[in-house]
Amino acid sequence: MSKTIELPIAIGVRDLAQRMGISPIDAIKKLMLNGVMASINQTVDFDTAAIVAAEFGFDAIPEAQDEPETAEVGEVPLWRQKIANEKEADLVARPPVVTILGHVDHGKTSLLDAIRQTNVASGEAGGITQHIGAYQVEKEGRLITFLDTPGHAAFTAMRARGAQGADVVVLVVAADDGVMPQTREAIAHAKAARVPIIVALNKIDKPNANPDRVKNQLGELELVPDEWGGNTIVVPVSARQKTGITDLLASILLVADSADIRANPQGKVIGTVIESELDKSKGVIATLLVQNGTLKNGNVVVAGLSQGRLKAMFDYRGKPVPKAGPSFPVSVMGLVDVPAAGEIFEVVENERAAREIVLQRQQALKEKNTSAKMSLEDLFARFKAGELKELRLILKADVQGSLEPIVQEINQVAKNSAEIAIKVIYSETGNIGENDVMLASASKAILIGFNVQAEVAARRLAEAEGVSIRMYDIIYRLTEDIEKAVKGMLAPEFTEKVIGKANVLAVFPISKVGKIAGCRVLDGELRRNAKMRLRRAGDIVFEGDISSLKHEKEDVREVRAGFECGVGLKNFHDILVGDQMECYTLEKSG
């Protein structure tokens with residue numbers, strides 16, 4: 001008698017074997033006998049999994065699908081919040097705005113060029129006289145706006161400022177290369193923004209292209225192709241041969257029709273800064289994407305801390321235009337300062353009002369100084385207050401062998417947690433970089449590092465963006481902190497502050513004491529009650545307490561830069577000439 005087993009529309013070979021209580025090797029053998037070559041980490045569709053299940057006496061039925069997630073209040077882009085009072089009767093359909101993301105060298109630029117050369121609206125590609133970071137194409141009499149921005153860094157910068165400029169993300173994946181680290185990162189960014197994803201499977205003309213392998217990889221990342229019963233449209237294209245472009249544009253319009261992409265051309269004028277620069281001869285030039293209302297030449301605009309009266313407007317071909325409606329990108333002149341990409345712009349009554357708004361924002365920025373860090377404790381407090389629905393984590397680990405068990409442990413904590421939902425929105429190997437911080441900022445997530453370092457630039461950005469970074473070297477401490485956080489018991493987070501640096505010039509063995517380091521303080525000061533880190537050729541060989549601090553044989557509380565001193569380290573005597581010392585304190589984060 002067959003046993004019933006519920007299976008999803010796509011499932012990994014390892015997971016399939018676990019559900020049936022068999023060895024993954026046995027599952028792989030059955031797949032091979034049925035003509036399917038799959039590794040333990042690959043994904044197979046429901047029909048294939050059902051055949052294997054039947055071989056082991058199981059009757060497979062489709063697993064009940066979860067209801068689609070609804071956007072949280074905090075996920076609504078800032079520009080949408082500002083036009084919430086627009087009347088339903090005044091809203092009309094507008095062109096969808098599309099951004100293209102993907103791994104480097106997978107053909108993002110080539111695809112944009114292919115689209116531009118074959119489908120540029122109202123003119124040939126040769127008519128484009130300047131690059132303004134956006135352009136429009138025409139398909140079946142309808143316009144589509146493409147943001148020609150440098151990948152997901154710009155996309156995330158917009159989201160971090162509440163803009164969310166795109167309605168649809170086209171994810172470019174090379175059919176010969178497959179899913180790569182930047183592909184996974186781009187998927188995480190698009191999912192966190194809750195923007196629908198269309199996959200452009202590029203380079204299908206190459207002899208080593210393997211579309212099925214790529215679709216398996218996408219399935220593992222919850223982008224199950226529609227031909228497998230999933231919700232992700234996968235369009236085979238060749239940017240080099242310019243094939244599949246028409247199908248891709250048709251897919252974009254199909255996805256756009258299922259979304260509520262509307263605006264009021266007569267309403268409040270608001271939009272997003274796509275890019276900006278200071279031209280030596282023309283002054284500030286900014287590319288603006290209008291998202292509601294109609295922007296007109298001569299309007300007074302405020303964008304972040306920049307303001308000014310528009311002196312000239314140009315479309316993506318460099319042609320002067322008097323006005324621009326929803327979803328239309330324009331290059332403008334007239335702003336006093338260079339606004340940041342991703343800033344929201346608005347039209348105000350006059351230049352005096354614009355200056356007052358900028359002055360108020362500058363004052364508020366001074367008072368704020370830096371964002372309060374979104375620590376685990378803060379997130380839990382916000383959850384208790386009903387402001388958040390889940391605890392989001394971004395995980396960076398040293399090796400894949402560390403990453404998988406940590407994700408499994410976190411998922412186990414999530415299963416046991418009734419208080420708060422826990423979700424790892426992105427996990428990857430490598431040190432914590434600026435892109436990770438931007439994703440955390442835009443997604444209101446905590447950054448967790450395991451046996452990795454946070455780059456200096458990433459730490460500075462985290463401080464500016466209010467992102468909490470927590471570092472661990474033991475898995476159970478990491479999961480223990482998350483468990484404590486969901487129970488509201490986590491101890492306050494402490495931030496390290498380096499207060500002094502010194503070089504070891506000599507080492508003195510002292511009987512009954514051990515070794516004392518003769519040092520010269522190079523920067524700041526060494527304090528007796530602070531912590532000390534000893535580095536050798538860049539590696540940390542000691543981290544702990546100071547047992548003694550002497551200046552000219554006298555016990556002292558501190559020694560400043562330019563002076564020499566003797567330093568003893570608690571329970572550590574492996575000190576060598578040439579070692580570097582870092583003295584630091586731990587301060588409770590605000």
Side-chain angles (χ1 to χ4, degrees), residues 79 82-83 94-95 97 99 112 116 120-138 143-150 154 157-158 161 163 165 263-359 361:
W79 69 269
K82 285 178 176 284
I83 61 166
R94 61 174 175 80
V97 179
T99 192
L112 278 164
R116 180 159 38 192
V120 167
S122 308
E124 295 301 318
I128 300 172
T129 57
Q130 65 182 46
H131 172 77
I132 70 164
Y135 60 86
Q136 292 185 310
V137 304
E138 193 172 324
L143 291 175
I144 302 171
T145 301
F146 281 87
L147 300 185
D148 190 2
T149 52
M158 289 180 195
R161 294 183 176 94
N264 178 8
Q266 311 305 321
K268 180 180 175 66
V269 184
I270 194 164
T272 302
V273 178
I274 303 301
E275 60 183 22
S276 58
E277 64 176 346
L278 181 61
D279 186 282
K280 288 182 180 178
S281 58
K282 298 177 182 177
V284 175
I285 298 177
T287 300
L288 307 181
L289 174 67
V290 182
Q291 288 166 304
N292 195 72
T294 299
L295 184 67
K296 298 173 183 176
N297 206 0
N299 280 158
V300 177
V301 168
V302 176
L305 299 179
S306 179
Q307 55 83 26
R309 185 180 293 276
L310 301 187
K311 298 174 183 175
M313 289 172 52
F314 305 91
D315 65 11
Y316 61 91
R317 297 181 301 269
K319 179 183 174 183
V321 290
K323 61 183 180 179
S327 295
F328 279 73
V330 283
S331 177
V332 304
M333 296 166 58
L335 293 176
V336 176
D337 299 300
V338 179
E343 291 285 8
I344 301 295
F345 77 82
E346 298 177 62
V347 168
V348 296
E349 191 177 349
N350 52 47
E351 290 176 273
R352 181 180 175 182
R355 287 192 293 270
E356 286 177 359
I357 290 171
V358 170
L359 197 63
R361 289 178 181 177

For side-chain contact (heavy atoms from CB on, under 4.5 Å), just list the numbers for I344 and T272, CA-CA rounded to whole Å, side-chain angles, deciding distance to a tenth of an Å, and then say yes or no. CA-CA 5 Å; I344 301 295; T272 302; 4.1 Å; yes
Determine, stepwise, if the pair F345 / V290 fulfils side-chain contact (heavy atoms from CB on, under 4.5 Å). CA-CA 9 Å; F345 77 82; V290 182; 4.2 Å; yes
From E346 CD over to I270 CD1, what is the distance, rounded to the nearest 0.5 angstrom? 4.5 Å
Under the rule for side-chain contact (heavy atoms from CB on, under 4.5 Å), what residues qualify as partners of P326, not counting sequence neighbours? R94, A263, P265
Could you check whether any side-chain N or O of N350 sits under 3.5 Å from a backbone N or O of R352, counting only pairs where one atom can act as donor and the other as acceptor? yes
Listed by chain and number, what are the side-chain contact (heavy atoms from CB on, under 4.5 Å) partners of V284, not counting sequence neighbours? L278, L335, V338, P339
Do V301 and L295 come within less than 4.5 Å of each other through their side chains, counting heavy atoms only? yes
By side-chain contact (heavy atoms from CB on, under 4.5 Å), which residues pair with I357, not counting sequence neighbours? V302, V348, R361
d(M313 CE, S331 OG) to nearest 0.5 Å is 9.5 Å
Between the main-chain N or O of K268 and the side-chain N or O of N292, is there a donor-acceptor pair closer than 3.5 Å? yes
Flag the pair V300 / V347 as yes when at least one side-chain heavy-atom distance between them is below 4.5 Å, and no otherwise. no
Quick one, T145 and Y316 - any side-chain contact, counting heavy atoms below 4.5 Å? no
Taking the side chain as everything from C-beta on, heavy atoms only, tell me whether V273 gets closer than 4.5 Å to L288. yes
Between F328 and V321, is any pair of side-chain heavy atoms under 4.5 Å apart? no
How far does CG of D337 sit from CG of L305, to the nearest 0.5 angstrom? 8.0 Å
Supply the atom-to-atom distance N297 CG to K323 NZ, rounded to the nearest 0.5 angstrom. 12.5 Å
Could you give me the CA-CA distance, side-chain angles and deciding distance for V336 and Q307, then say whether side-chain contact (heavy atoms from CB on, under 4.5 Å) is met? CA-CA 6 Å; V336 176; Q307 55 83 26; 3.7 Å; yes
